[in-house]
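For reference, the structure is listed below as structure tokens.
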Amino acid sequence: MPKIVDHAKRRDEIAQVACQVVARYGFEQATVARIARAAGYTTGMVAHYYESKQEIILAALRLMLLRIEQRLMRQRENDEANLVEVLSEALAIDTQRFSECAFWMAFWGQVSADKKLKKLNAWVHREYIRLFARCFAEYWSEWPAWPQAVRDQVLRSVVTFMNGLTASAVTSPRDWPAIMQLEQLRLQLDLLRHWANTQRARAAKEGGS
């Protein structure tokens, strides 16, 4: 009886390996042949699932974003998680997440020279904004009461901050251990929350005068 092949699973396996190869060797050195060897497949087999290296990279990006979303949105035990713990799922604080962040950095290095990647990067940015908005709405009770402009500013600020933090952690891992990343994230969230509440109070005062 012929072996039943789960083609969707195999595609995901190749995409996941591509993420690891890019994180280790960089974008240019992550050839289809190297990805195939790391996955334990022939180059021809990989070509059966993906027409080009760029297609593999795009699949890896989508797979990573899906997994990050699953981690951000998963049910925490006893609902005791806080926003720092939840958002830390997107930081380079363990081996898997370090690899993901290193992959993002390698991808960003190619964006400026490729129109298709620019478009994809814009989509990734929108998806991060959407995910983080869901997290804020769940863990900050005052979130719905803030003016939309304030919420937008908070989202842009936290995404910009986390991009910078992950870049620092990937390029200088000894300077950015997990505990320091979490401390900085906690500080940034505290500052943003205080600023947003101040803006809300100011708007309410001006509206009542």
Query - OG1 on Thr160 to CG on Leu165, rounded to 0.5 Å - result: 12.5 Å

**Report entry** From CA spacing to verdict: salt bridge (Lys or Arg N to Asp or Glu O under 4.0 Å), Glu69, Arg130
**Finding:** CA-CA 10 Å; Glu69 178 174 11; Arg130 177 183 64 83; 3.4 Å; yes

Query raised in the report: Would Leu191 and Tyr139 show up in the same hydrophobic cluster when neighbours are defined by side-chain heavy atoms closer than 4.5 Å?
Result: no

Query raised in the report: Is any side-chain N of the basic residue among Arg200 and Glu142 closer than 4.0 Å to the acidic one's carboxylate O?
Result: no

**Report entry** Derivation of the side chain to side chain donor-acceptor pair (under 3.5 Å) call for Gln148 and Arg151
**Finding:** CA-CA 5 Å; Gln148 185 62 51; Arg151 281 182 281 169; 3.1 Å; yes

Query raised in the report: Less than 4.5 Å apart, any side-chain heavy atom of Leu87 and any of Cys135?
Result: yes

Report task. Could you tell me whether the side chain of Gln184 reaches within less than 4.5 Å of the side chain of Leu187, counting heavy atoms only? Result -> yes

Requested in this report: Mind checking the CD-CD spacing from Gln16 to Glu100? Nearest 0.5 Å is all I need.
Outcome: 7.0 Å

Listing, residues 35-45 side-chain donor-acceptor contacts under 3.5 Å, not counting sequence neighbours, or none:
| residue | atom | partner | partner atom | Å |
| --- | --- | --- | --- | --- |
| Tyr41 | OH | Glu13 | OE1 | 2.8 |
| Thr42 | OG1 | Met45 | N | 3.0 |

Query raised in the report: Which distance, rounded to the nearest 0.5 Å, do you find between the CD of Glu89 and the CG of Leu91?
Result: 9.0 Å

**Report entry** N-O pairing of Arg97 and Asp94 below 4.0 Å
**Finding:** yes

Report task. Mind listing the closest non-hydrogen atom pair of Leu189 and Trp140 along with its distance? Result -> O-CH2, 3.5 Å

Requested in this report: Drop me the distance from Arg67's CZ to Cys19's SG, to the nearest 0.5 angstrom.
Outcome: 8.5 Å

Requested in this report: Compare every heavy atom of Ser88 with every heavy atom of Leu185, then report the nearest pair and how far apart it is.
Outcome: CD2-N, 4.0 Å

Query raised in the report: Which atom pair, heavy atoms only, marks the closest approach of Ala90 to Cys101?
Result: O-SG, 3.8 Å

Could you list the donor-acceptor pairs under 3.5 angstrom formed by side chains in residues 53-63, with sequence neighbours left out?
| residue | atom | partner | partner atom | Å |
| --- | --- | --- | --- | --- |
| Lys53 | NZ | Phe27 | O | 2.5 |
| Lys53 | NZ | Ala30 | O | 3.4 |
| Gln54 | NE2 | Asp114 | OD2 | 2.9 |

Counting only pairs under 3.5 Å, give me each side-chain donor-acceptor contact of residues 166-173, with atom names and distances, residues two or more places apart or in other chains.
| residue | atom | partner | partner atom | Å |
| --- | --- | --- | --- | --- |
| Thr166 | OG1 | Met162 | O | 2.9 |
| Thr166 | OG1 | Asn163 | O | 2.9 |
| Ser168 | OG | Gly164 | O | 3.0 |
| Thr171 | OG1 | Ala167 | O | 2.8 |
| Thr171 | OG1 | Ser168 | O | 3.4 |

Query raised in the report: Does any non-hydrogen side-chain atom of Val158 lie less than 4.5 Å from one of Phe136?
Result: yes

Query - Side chain proximity check, Arg126 to Trp123, heavy atoms < 4.5 angstrom - result: yes

Query raised in the report: Considering only heavy atoms from C-beta outward, does the side chain of His194 approach that of Gln199 to under 4.5 Å?
Result: no

**Report entry** salt bridge (Lys or Arg N to Asp or Glu O under 4.0 Å) between Glu183 and Arg186, intermediate numbers included
**Finding:** CA-CA 5 Å; Glu183 287 175 353; Arg186 184 176 293 105; over 6 Å; no

Requested in this report: Report yes or no: do Arg156 and Gln153 form a side-chain donor-acceptor pair below 3.5 Å?
Outcome: yes

Query raised in the report: Is there side-chain contact between Tyr50 and Arg11, with at least one heavy-atom pair below 4.5 Å?
Result: yes

Query raised in the report: Do the side chains of Met64 and Trp104 get nearer than 4.5 Å, heavy atoms only?
Result: yes

Query raised in the report: Does the cation-pi check pass for Arg34 over Tyr25, that is, NZ or CZ under 6.0 Å from the six-membered ring centre and within 45° of its axis?
Result: yes

Query raised in the report: Hey, mind stepping through Val154 and Phe132 against side-chain contact (heavy atoms from CB on, under 4.5 Å) and telling me if it holds?
Result: CA-CA 10 Å; Val154 169; Phe132 287 173; over 6 Å; no

Query raised in the report: Do you reckon Phe107 sits in the same ILVMFWY cluster as Leu66, going by side-chain contacts under 4.5 Å, direct or chained?
Result: no

